[in-house]
Amino acid sequence: MNDQPFTNQATNQATKQSTKTAEIILTGDRATGPLHLGHYVGSLKQRVDLQNHHQQTILVADMQGLTDNAHNPTKVSSNILNVVADYLAVGINPAKTTICLQSQLPALAELTMYYSNLVTIARLERNPTVKSEIQSKGFERSIPAGFLTYPISQAADITGFHATLVPVGDDQLPMLEQTNEIVRKLNSLAGKKILKECRPLLSNASRLPSTDGKNKMSKTMGNTINLGASEKEIREAVKSMYTDPNHLRIEDPGSVDGNVVFTYLDAFHPEAAYVEELKAHYQRGGLGDGTTKKILEECLQEMLRPIRQKRTEFLSDKAQLIEILSKGSEISREKTQQVLVDVKEVFGLNIL
Ligand code: TRP
């Protein structure tokens with residue numbers, strides 16, 4: 001990539017400038033489960049801020065969700081409205097952010113077909129994120145073609161909106177790199193700039209570990225805290241959190257590195273100085289895991305209570321959620337259709 005990814009801090013500076021610097025932002029989430037605290041620190045909080053300064057579209061990626069769930073499609077279909085409710089509950093405002101559904105934008109599927117002629121299978125197989133997903137999902141040699149090619153479809157998502165800024169986690173950087181390769185190929189075929197290259201916007205927050213401290217967060221492994229988690233679910237998740245296994249007695253000095261309770265306190269507790277005091281106390285000895293967990297639990301309960309309430313309210317009016325998604329999809333359908341016309345023109349296919 002030509003441009004360095006820039007972080008939250010840089011955006012905060014950019015967002016303070018006049019609207020002339022406003023960017024087109026496109027981001028998305030696979031609709032394969034409700035969103036969790038990892039999404040919240042990694043990107044949702046940032047999107048709530050970005051919507052005030054930029055032209056932001058969020059895509060509920062149902063088609064991408066299907067690329068490894070075609071045999072269990074309800075995992076995707078039943079989560080579409082949950083994800084929209086999650087967005088609204090954390091403060092994404094549909095009057096400022098366009099929320100749309102990928103499968104409702106046929107131009108994206110068409111763009112994917114055209115772009116797939118510009119990408120080799122070998123290149124797709126080299127994508128490190130896809131590679132590790134293939135391993136962790138145990139596909140071995142039975143990789144769905146749709147899965148191997150989802151980076152092309154993601155390039156369609158991004159270029160379909162002429163997005164210049166894409167807020168993502170670092171696991172998505174290879175997708176942006178492939179997107180920009182497609183952009184350069186298409187532009188060079190056209191002999192002019194039809195598509196725009198995009199830059200990633202990485203969050204300042206480091207990736208939140210799973211509650212067991214071992215794996216990537218995964219809904220199926222039950223090591224996440226969903227935004228809609230009940231009080232009891234929050235309590236139990238915090239109780240079972242991984243701490244320092246060598247911290248056997250309260251008097252013993254404990255380690256805060258890799259101690260999930262402290263990582264979460266760092267991410268969510270509003271008083272950083274207090275968390276530093278707790279850390280020092282824990283490292284000296286004399287502070288028990290029961291106490292640190294109690295403090296974290298209270299903080300998460302307080303933070304998630306209003307989100308859970310709003311989420312429940314939004315989910316009780318499905319018609320409203322559908323209306324938001326339809327309106328956003330309608331606007332997005334037009335935008336992406338225009339990009340499709342431009343891309344077809346490069347291949348001389350606008351003859352009818
Ligand atoms: N691949 C992203 C994820 O797994 C979801 C996604 C789909 C996306 N289309 C996108 C992200 C376009 C950014 C831009 O989270």
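In each ligand, atom 1 is the first atom listed, and ligand 1 is the first ligand listed. No hydrogens, no waters, no symmetry mates; every other heavy atom, side chains included, goes into these values.
Remark: minimum distance from atom 4 (O) of ligand 1 to any protein heavy atom is reached at R30 NE, 3.3 Å. The single protein non-hydrogen atom nearest to atom 2 (C) of ligand 1 is Q172 OE1, 3.3 Å, given as residue, atom name and distance. The protein non-hydrogen atom at the shortest distance from atom 15 (O) of ligand 1 is G28 O, 4.1 Å.
Polar contact check, D157 against ligand 1: a nitrogen or oxygen pair lies under 3.5 Å apart. Inclusion of T27 in the set of residues having an N or O under 3.5 Å from an N or O of ligand 1 is not warranted. Ligand 1 has an N or O atom lying under 3.5 Å from an N or O atom of Q64, backbone or side chain.
Of the options Q154, M63, M175, the smallest heavy-atom separation from atom 6 (C) of ligand 1 is shown by Q154.
Counting atoms of ligand 1 from 1 in the listed order, those under 4.0 Å from a heavy atom of L26 are 12 (C), 14 (C). Interface of V166 with ligand 1, defined as ligand atoms under 4.0 Å from a residue heavy atom, comprises 13 (C), 14 (C). Short contacts between ligand 1 and A61, defined as distances under 4.0 Å to a heavy atom of the residue, involve ligand atoms 7 (C).
When atom types are taken as modelled, the side chain of H247 and the backbone of D289 share no donor-acceptor pair closer than 3.5 angstrom. Between the side chain of N180 and the backbone N or O of C198 there is at least one donor-acceptor pair closer than 3.5 Å. Remark: the backbone N or O of Q64 is paired with a side-chain donor or acceptor of Q102 at under 3.5 angstrom.
Once rounded to the nearest 0.5 Å, the distance linking CD1 of I234 with CE of M303 reads 8.5 Å.
Under the 4.5 Å side-chain criterion, counting only non-hydrogen atoms from C-beta, V119 is in contact with L124.
Heavy atoms of other residues, nucleotides or ligands lying less than 6.0 angstrom from CG of L189 number more than 12.
For the pair R311 and Y87, the cation-pi test (distance below 6.0 Å, angle within 45°) is failed.
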Start with the C-alpha distance between L37 and Y264, add both sets of side-chain angles, then the distance that settles side chain to side chain contact (heavy atoms under 4.5 Å, CB included), and finish with yes or no.
CA-CA 10 Å; L37 285 180; Y264 276 56; 4.0 Å; yes

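When heavy-atom distances to ligand 1 are checked against a 4.0 Å cut-off, Q102 has no atom that comes that close, whether in backbone or side chain.
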